[in-house]
Amino acid sequence: MGLNIEENQKLVEEILEAYPKKARKDREKHFQVADEKAIDCSTCAVKSNIKSRPGVMTPRGCAYAGSKGVVWGPIKDMVHISHGPVGCGQYSWGSRRNFANGTLGIDNFTAMQITSDFQETDIVFGGDKKLAVIMREITEMFPLAKGISVQSECPVGLIGDDIEAVSKKMSKELAMPIVPVRCEGFRGVSQSLGHHIANDAIRDFVMGRAELAETGPYDVNIIGDYNIGGDAWASRILLEEMGLRVIAQWSGDGSLNELEVAHKAKLNLIHCHRSMNYMVDHMEKAYGIPWLEYNFFGPTKTYESLRAIAALFDDTIQENCEQMIARYKPVMDAVIRKYRPRLENKTVMLMIGGLRSRHTIGAYEDLGMDIVASGYEFAHKDDYEKMLPMLAEGTIVMDDPTAYELEELTKKMNIDLVGSGVKEKYVYHKMGVPFRQMHSWDYSGPYHGFDGFKVFAKDMDMTVNSPVWNLVSRQGTMELKEAGV
């Protein structure tokens, strides 16, 4: 793949010319074309984790989405109250495909939506009393629920509902953990602060509240895997086959007890660094538990991560690791032989949350695909510093790109495949551009581990090479759009 640094820099400048001068100056800070210095990580110029510019169409979510939709929502045996108007809760209702064991409505509540359904009177007089009533009703309707969390929406922070006092009182009355989470959507610049707030609530209300009957030298936690389409299960298979014991995985298919005993692990394995790094940092300081970031997207990165994990344990685990890789490698090689000829040199643009742009690069490269543009919705500087060394010179890097910028990049770079979120999906379908929903796998998965790579490769081939695109004229669609039709 040959990407021209100067040409792509001019391309970015040309796209930004459409903005007024002040807006253009602001958006310029969020772009960087990877060069030798950037790839060596000595220069990361991308501005991130700052407010989106008013008036542009941003793909970001809010703090409520970061807490309820990502961190707390997948904890399966707790009921999570969306405290506020029904709209936010409805939007977050079971949309991320966080698979979990158990029976829905009995001991698994992940796909349910419980809301306090604020009305005008609640805004005027407060929803505190209503919240207490709901908590009592929850224990009557769902006697096997192990706890409750209160996920506050924007109006709650504006009117001053004291969710902490209600939660404390009702926790004593109902004899169960009730966790108030101050994740009003207006907090912070994106869903990233919602992750942080949710992590702090785990730390303050549930971490270290229970003990394991037995502990061992191979006890580990899987943290920051949300089990989209079964990802955490595919990853857990490999860790346990290697000889490790997973005592907690959260939040995908996670339980309250796993949060409470996670401090007994010997190692934290973190997948989504952006959403859970606060927890592993805390556990290292408070309990002395070391942590390692791993990547189970694609065989190359999976081999690297398995060996890095095994290196932290004894010879037995390391031998098991090598034997396991030897067993799976022929299978992975066969998958690559099948799909790589169909995907070789196809260009990919990625714009995903705060993790998967960086993590999926290796999986695409295993299939011979070229990443030509990559960015995040809500990343911080360290995310870009980790991603830049993975990119080829000339790759366009972007932070919190607008809908306009993404469309223009796709057209001008003639992208073969876009990997992004559901908010962008249907725009690209109308443009006639192959698109893969890389937040919840477009109703597929898993994508992690060796089992997941088989699905990932098949899905990318099915998307890029589908005959349906022959029925959509990309040029014709663009001409109609330019004509205002």
Side-chain angles (χ1 to χ4, degrees), residues 1-16 28-48 273 293 295-305 336 339-377 379 381-401 405-406 408-420 433-436 438 447 453 456-457 460-461 463-464:
M1 175 182 66
L3 293 174
N4 188 292
I5 296 174
E6 290 75 18
E7 286 183 3
N8 280 350
Q9 185 61 54
K10 290 179 181 178
L11 173 59
V12 172
E13 293 171 0
E14 178 184 335
I15 291 171
L16 298 181
E28 285 173 350
K29 301 173 184 177
H30 296 267
F31 279 86
Q32 182 173 3
V33 178
D35 56 17
E36 185 177 351
K37 289 183 179 180
I39 291 171
D40 289 341
C41 240
S42 58
T43 305
C44 177
V46 181
K47 296 296 181 183
S48 59
H273 179 267
E293 184 178 353
N295 181 0
F296 279 0
F297 278 107
T300 298
K301 294 300 180 184
T302 303
Y303 300 150
E304 291 177 7
S305 291
I336 292 172
Y339 291 105
R340 186 167 180 135
R342 297 172 56 80
L343 295 168
E344 190 95 42
N345 299 323
K346 298 292 186 182
T347 57
V348 181
M349 179 172 76
L350 299 173
M351 203 290 293
I352 322 176
L355 157 74
R356 293 173 182 135
S357 294
R358 165 165 59 94
H359 276 58
T360 55
I361 289 171
Y364 284 108
E365 290 177 342
D366 284 336
L367 296 172
M369 305 178 81
D370 298 327
I371 309 298
V372 297
S374 185
Y376 296 113
E377 291 180 16
K381 186 174 182 179
D382 57 340
D383 296 301
Y384 288 102
E385 289 174 339
K386 291 175 181 178
M387 182 171 71
L388 280 164
M390 301 177 180
L391 302 174
E393 284 193 17
T395 304
I396 294 176
V397 180
M398 57 212 169
D399 176 71
D400 186 27
E405 292 162 4
L406 291 172
E408 289 299 304
L409 284 169
T410 304
K411 290 188 289 187
K412 295 181 184 301
M413 300 186 79
N414 198 28
I415 301 293
D416 293 313
L417 175 67
V418 175
S420 192
V433 178
F435 181 94
R436 199 72 206 172
M438 293 300 289
Y447 281 178
F453 184 66
F456 176 86
M460 297 310 129
D461 173 49
T463 303
V464 172

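None of these values were measured; they are calculated from a predicted model.
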Task: Exam field: side chain His30 to backbone Met398, donor-acceptor pair closer than 3.5 Å - done: no

Open item on the list: If you apply the rule side chain to side chain contact (heavy atoms under 4.5 Å, CB included), what do you find for Lys386 with Glu293, and how did you get there?
Closed with: CA-CA 11 Å; Lys386 291 175 181 178; Glu293 184 178 353; 3.1 Å; yes

Task: Tyr447: ring pair (Phe, Tyr, Trp, His ring centres under 6.0 Å) partners, not counting sequence neighbours - done: Trp441, Phe456

TODO: Please round to the nearest 0.5 Å and tell me the distance separating atom CG of Leu16 and atom CD of Glu408.
DONE: 10.5 Å

Task: NZ/NE/NH1/NH2 to OD/OE distance under 4.0 Å, Glu304 and Lys301 - done: yes

Task: From CG (Leu350) to CE (Met438), nearest 0.5 Å - done: 7.0 Å

TODO: Please lay out, stage by stage, how Leu367 and Lys346 fare under the test side chain to side chain contact (heavy atoms under 4.5 Å, CB included).
DONE: CA-CA 9 Å; Leu367 296 172; Lys346 298 292 186 182; over 6 Å; no

TODO: Keeping the roles fixed (side chain from Ser420, backbone from Met351), state whether a donor-acceptor pair exists under 3.5 Å.
DONE: yes

Task: Rounded distance [0.5 Å steps], CG in Leu11 versus CE in Met413 - done: 6.0 Å

Open item on the list: Could you work out, with side chain to side chain donor-acceptor pair (under 3.5 Å) as the rule, every residue matching Glu344, not counting sequence neighbours?
Closed with: Arg340

- [ ] Give the C-alpha distance, both sets of side-chain angles, the deciding distance and a yes or no for side chain to side chain contact (heavy atoms under 4.5 Å, CB included) between His273 and Asp382.
- [x] CA-CA 10 Å; His273 179 267; Asp382 57 340; 3.3 Å; yes

Task: Nearest atoms (heavy-atom pairs only) where Glu377 meets Asp400 - done: O-CB, 3.8 Å

Open item on the list: What's the separation between atom NE2 in His359 and atom CG in Asn295, rounded to the nearest 0.5 Å?
Closed with: 4.5 Å

Open item on the list: Could you measure the distance from the CE atom of Met369 to the CG atom of Asp461? Nearest 0.5 Å is fine.
Closed with: 9.0 Å

Task: Asn8 side chain vs Gly394 backbone, donor-acceptor pair below 3.5 Å - done: yes

Task: Least distance between heavy atoms, Ile415 atom then Leu417 atom - done: CG2-O, 3.1 Å

Task: Beyond-backbone contact of Ile336 with Pro299, side-chain heavy atoms, under 4.5 angstrom - done: yes

TODO: Indicate the atoms forming the closest heavy-atom contact of Ala34 with Leu388, along with that distance.
DONE: CB-CD2, 4.2 Å

Task: Partners passing salt bridge (Lys or Arg N to Asp or Glu O under 4.0 Å) against Asp366 (at least two apart in sequence or in another chain) - done: none

Task: Residues forming a salt bridge (Lys or Arg N to Asp or Glu O under 4.0 Å) with Glu365, sequence neighbours excluded - done: none

Task: Contact summary for Thr463 and Phe435, nearest pair of heavy atoms - done: CG2-O, 3.4 Å

Open item on the list: Glu14: which residues meet the side chain to side chain donor-acceptor pair (under 3.5 Å) condition with it, sequence neighbours left out?
Closed with: Lys412

Open item on the list: Could you report the tightest heavy-atom contact between Gly298 and Phe453, atom names first, then the distance?
Closed with: CA-CD1, 3.7 Å

Open item on the list: Any heavy-atom pair between the side chains of Asp399 and Lys47 that's under 4.5 Å?
Closed with: no

Open item on the list: Rounded to the nearest 0.5 Å, what separates atom CD1 in Ile352 from atom CZ in Arg436?
Closed with: 12.0 Å

Open item on the list: To check you understand the geometry: which heavy-atom pair defines the closest contact between Thr395 and Ala373, and what is its length?
Closed with: CG2-N, 3.8 Å

Open item on the list: For a 4.5 angstrom cut-off between non-hydrogen side-chain atoms, does Leu409 reach Phe31?
Closed with: yes

TODO: Look at the side chain of Ser357 and the backbone N and O of Gly375, then say whether any donor-acceptor pair between them is shorter than 3.5 Å.
DONE: yes

TODO: Would you mind reporting whether Ile361 and Met387 have side-chain heavy atoms less than 4.5 Å apart?
DONE: yes

Open item on the list: Measuring only between side-chain heavy atoms, which start at C-beta, is Tyr384 closer than 4.5 Å to Gln32?
Closed with: no

Task: Test: Lys10 and Glu7 ion pair at under 4.0 Å - done: no

Task: For Tyr339, all residues meeting ring pair (Phe, Tyr, Trp, His ring centres under 6.0 Å), sequence neighbours excluded - done: none

- [ ] Give a yes-or-no answer on whether the side chains of Thr347 and Asp370 include a donor-acceptor pair shorter than 3.5 Å.
- [x] no

